[in-house]
Each structure stands twice: as structure tokens, then as C-alpha cells.
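This report concerns only the one structure given below.
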Protein chains: 2
Amino acid sequence: MKQGVDLLFFAARDVASEGAGKLAEAGLGRAHRRALYFIARHPAISVADLLAILKVTKQSLGRVLNDLLAGGYVERKPALRDRRMRQLRLTEKGTALESALWAAQRPKLVRAFREAGPEAVMGFRRVLMGLADEARRAGDGTP
Amino acid sequence: MKQGVDLLFFAARDVASEGAGKLAEAGLGRAHRRALYFIARHPAISVADLLAILKVTKQSLGRVLNDLLAGGYVERKPALRDRRMRQLRLTEKGTALESALWAAQRPKLVRAFREAGPEAVMGFRRVLMGLADEARRAGDGTP
DNA sequence: TATTTTACGTCAGGCATGCTGACACAACTA
DNA sequence: TAGTTGTGTCAGCATGCCTGACGTAAAATA
């Protein structure tokens, strides 16, 4: 049982560690990467929704977002329906960076999934869904 | 595929978040918890080995370890065979804290494992082993 | 229309965690 | 004896996260 926790720790860390080089080149950190990643996953996401996903404070996200905006990785536009909301999207430059980062960690995923086999991957998903918090348990893992 | 990364992120974060209260009571942080956890997992572990597991610098670990020693959670004794090496062990107090922390996160694990079923748990393990770095891939997940 | 609420941005300051570099010492090894 | 290894420590710096307080624009509501 504890072995599962060990593995979760190592896997999360080691997967996240891929692509650290490219990130440093761009002068960004892990926090920027997470924001970049989830904006890519949820185009036009609002700031409030991104906050809910990342579970950090407005101020923490604010700084990261400003860096990404200044670097031209992300664009921020008022939503049509409610102009208080700012929709976040990756720019072309942001998309390129995100793709490069994903390309760095993808092989590890591909290999692990292939070696483990499809049934194992199903189980992997089932267990992780159970471990993620209540709010996400009923969902698809990508709130 | 990316969903797997999402889940890994959420699961690792949400599992680690359990017991944050008890930790704060003791005036400790996440870094202390990780050290506590791996010392519990590997009694009499040397400083160098703990460094290798956590992949942090000697200085970072040093601070954490000093806090734990000062708080009476961990004891440090020279190894018999090689007296340069310091063996780290939890004290009674440390064991109590670690148990309390584990008790806080255990139910989430139990429920997730039970709901997913044994085959899923097998798959979960297989995939995570593949995701953890080379050095651990051949091992048992607890280097 | 006037008021309140919502969504967002920002200033100020603080703590925890990580890093590099440099140095010191005791104990083991060749 | 000379070198290597395991450990501890000082000094300084970057990142990432936090709380609290305040301001603004737009929407919702009384």
C-alpha cells in the first residue's frame, strides 16, 4: 500500500522533470509550466477556473500569468458573453513551447503505457481517479 | 494520454494534501513530511541514501533534518561499521507523527484501491513503475 | 436606477523550499 | 601518509506559495 504512495511520488516527480531544460531556456519555472499545460488543455479557460484547477491563490497565479503574457506565450481576452471574464489562450509561441515540453515527456509515457499494456493502463486510470479529490471523482479527470 | 498526466498531477497532489493539518500543528512542512516518510520506509537509512531518494541537495536536506532532530522526531547515530555514516531513525515521537499522517491519507488509498479492484491496482503499479526513472524501473519502487 | 456582487488585477510583505559555492572535519582506504 | 568519502555548515540567492488589503469594471439584482 505504501509502495503505491512511493511510486506515485517518484512517477509524478520524474514525469514532471522531463523538459526542465527547455523550460530553463525560456526563463520559466515549474509554476509557469503548469499554467501553460492547463491552458493548453482548456483553451479559453477563465482565470477563476484555472485557479480552481491549480488550487493556488490569485496572487500566485497572477505573477505567473504576467510572466507568460509578457513573454508572449499566452493571450488574455475578455469573454464575449461576460466581459469581466478573461479568456486565456496560448499564442503560437506558447503552443510551440508547450508542444516542445510535451514532446520531451511523451516518450516516457508512451514507453510506460506500451510496456504495461492496455489493461494496466485502464487500471492506472481507475485508481488515479479514485485518488483524486471528490470534486473530480465523478468527472473525467480534466475538470 | 495527457489525461494520464492530469490524473497523476491531481492524485499526487491530493494524496499529499491529506494530513496537512497535523503537519502544521507540529510546525513542519511538506519537505519534513517527505523526509519523515522515507526515514520510516527505510529505517537506519544513511544521509547519502536519503539524498538519493529525495533528489535534493545536502543543504536543503540538512535544514529539514535539523528541524526534525531539534523537534525530537528523528535520531541520528553513527553506523557501527563505518562511523562516518549517520543512520537516521524515527524516535517514538516521530513514529507517532508519521503514523498519524499515514492514518490521515490511508482511507483515501483504501477506498480508491477497493473501488478500483485488484487488477486495476496491479495495472496502476505496472504503469507507475514504468514512469519512475530508469534507476528504479527494475527495482521494487522502494530504492 | 442604485446597490451589491462578481471577476479580475495589484501592492506589500512574509515563509518554505530549493539551489550553488565554499569550507571543515572525522573516518576510512590505498 | 596521502587521498577519498560521508557528513555538517556558512553565506547568499531564486522560486513559489501564502495572507491581507485595496481598486476597478462589468454584471446582477433590488
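Within every chain, numbering begins at 1; the chains are lettered A, B, ... in the order of the sequence lines, protein sequences first and strands thereafter.
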State, yes or no, whether a side-chain contact exists between B:L50 and B:F38 at a heavy-atom distance under 4.5 Å.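 In contact.
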
Less than 4.5 Å apart, any side-chain heavy atom of B:R86 and any of B:K77?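 No, their side chains stay 4.5 Å or more apart.
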
Under the side chain to side chain donor-acceptor pair (under 3.5 Å) test, which residues partner B:R114, sequence neighbours left out?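 Applying side chain to side chain donor-acceptor pair (under 3.5 Å) to B:R114 gives none.
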
For B:R76, check side chain to side chain donor-acceptor pair (under 3.5 Å) against everything at least two apart and list the hits.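 Testing B:R76 for side chain to side chain donor-acceptor pair (under 3.5 Å), a comparison that skips the adjacent residues, returns none.
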
Would A:D14 and B:K55 pass as an ion pair if we require N to O under 4.0 Å?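 Yes.
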
Residues B:E98 and A:K2 bridged, charged N to O under 4.0 Å: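 Answer for the salt bridge query: yes.
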
For A:R106, what residues pass the salt bridge (charged side-chain N to carboxylate O under 4.0 Å, His left out) criterion, not counting sequence neighbours?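 With neighbours one apart ignored, the set is empty.
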
Please enumerate all residues that pass salt bridge (charged side-chain N to carboxylate O under 4.0 Å, His left out) together with A:D49, with sequence neighbours excluded.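 A:D49: no salt bridge (charged side-chain N to carboxylate O under 4.0 Å, His left out) contacts found.
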
Result block: side-chain N/O donor-acceptor pairs under 3.5 angstrom for residues 56-72 of chain A, not counting sequence neighbours:
from  : atom 1 : to    : atom 2 : distance (Å)
A:T57 : OG1    : A:S60 : N      : 3.4
A:T57 : OG1    : A:S60 : OG     : 3.0
A:N66 : ND2    : A:G62 : O      : 3.3
A:D67 : OD2    : A:H32 : NE2    : 2.8

Distance, rounded to the nearest Å, where A:L51 contributes CG and C:dG9 contributes C1':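 My rounded result for the distance is 12 Å.
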
Spacing of B:L80 atom CG relative to C:dC28 atom P, expressed in whole Å: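 Those two atoms, CG and P, are 11 Å apart.
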
Go through residues 82-90 of chain A and report each residue with a non-hydrogen atom lying under 4.0 Å from DNA chain D, sorted by number.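 Those residues are A:D82, A:R83, A:R84.
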
Supply the atom-to-atom distance A:Q105 CD to B:M1 CE, rounded to the nearest 0.5 angstrom.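 So the CD of A:Q105 and the CE of B:M1 are separated by 9.0 Å.
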
Can you give the first and last nucleotides of DNA chain D, 5' to 3', that have an atom under 4.0 Å from a heavy atom of chain A?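 Counting from the 5' end, contacts occupy D:dG16 to D:dA27.
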
Test of understanding: with side-chain contact (heavy atoms from CB on, under 4.5 Å), list the residues that count as partners of A:A103, not counting sequence neighbours.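 In terms of side-chain contact (heavy atoms from CB on, under 4.5 Å), with neighbours along the sequence ignored, A:A103 is linked to no residue.
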
Set of side-chain contact (heavy atoms from CB on, under 4.5 Å) partners for A:R34, sequence neighbours left out: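 Scan of A:R34 (side-chain contact (heavy atoms from CB on, under 4.5 Å), adjacent residues dropped) gives A:R30, A:A31, A:L54, B:F9.
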
Nucleic acid footprint by protein, nucleotides 16-22 of chain C - heavy-atom cut-off 4.0 Å, B for base, S for sugar-phosphate alone: -BBBBBB

Pairs in or reaching into residues 99-122 of chain B: which pass ring-ring contact (aromatic ring centres under 6.0 Å, His included), with residues at least two apart or in two chains?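 Every pair satisfying ring-ring contact (aromatic ring centres under 6.0 Å, His included) with a residue in residues 99-122 of chain B: B:F113-B:F124.
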
Inter-end axis angle, the helix from C:dT1-D:dA30 to C:dA30-D:dT1, with every axis fitted to five base pairs (rounded, 10 degrees):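 What I find for the helix from C:dT1-D:dA30 to C:dA30-D:dT1 is an axis angle of 30°.
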
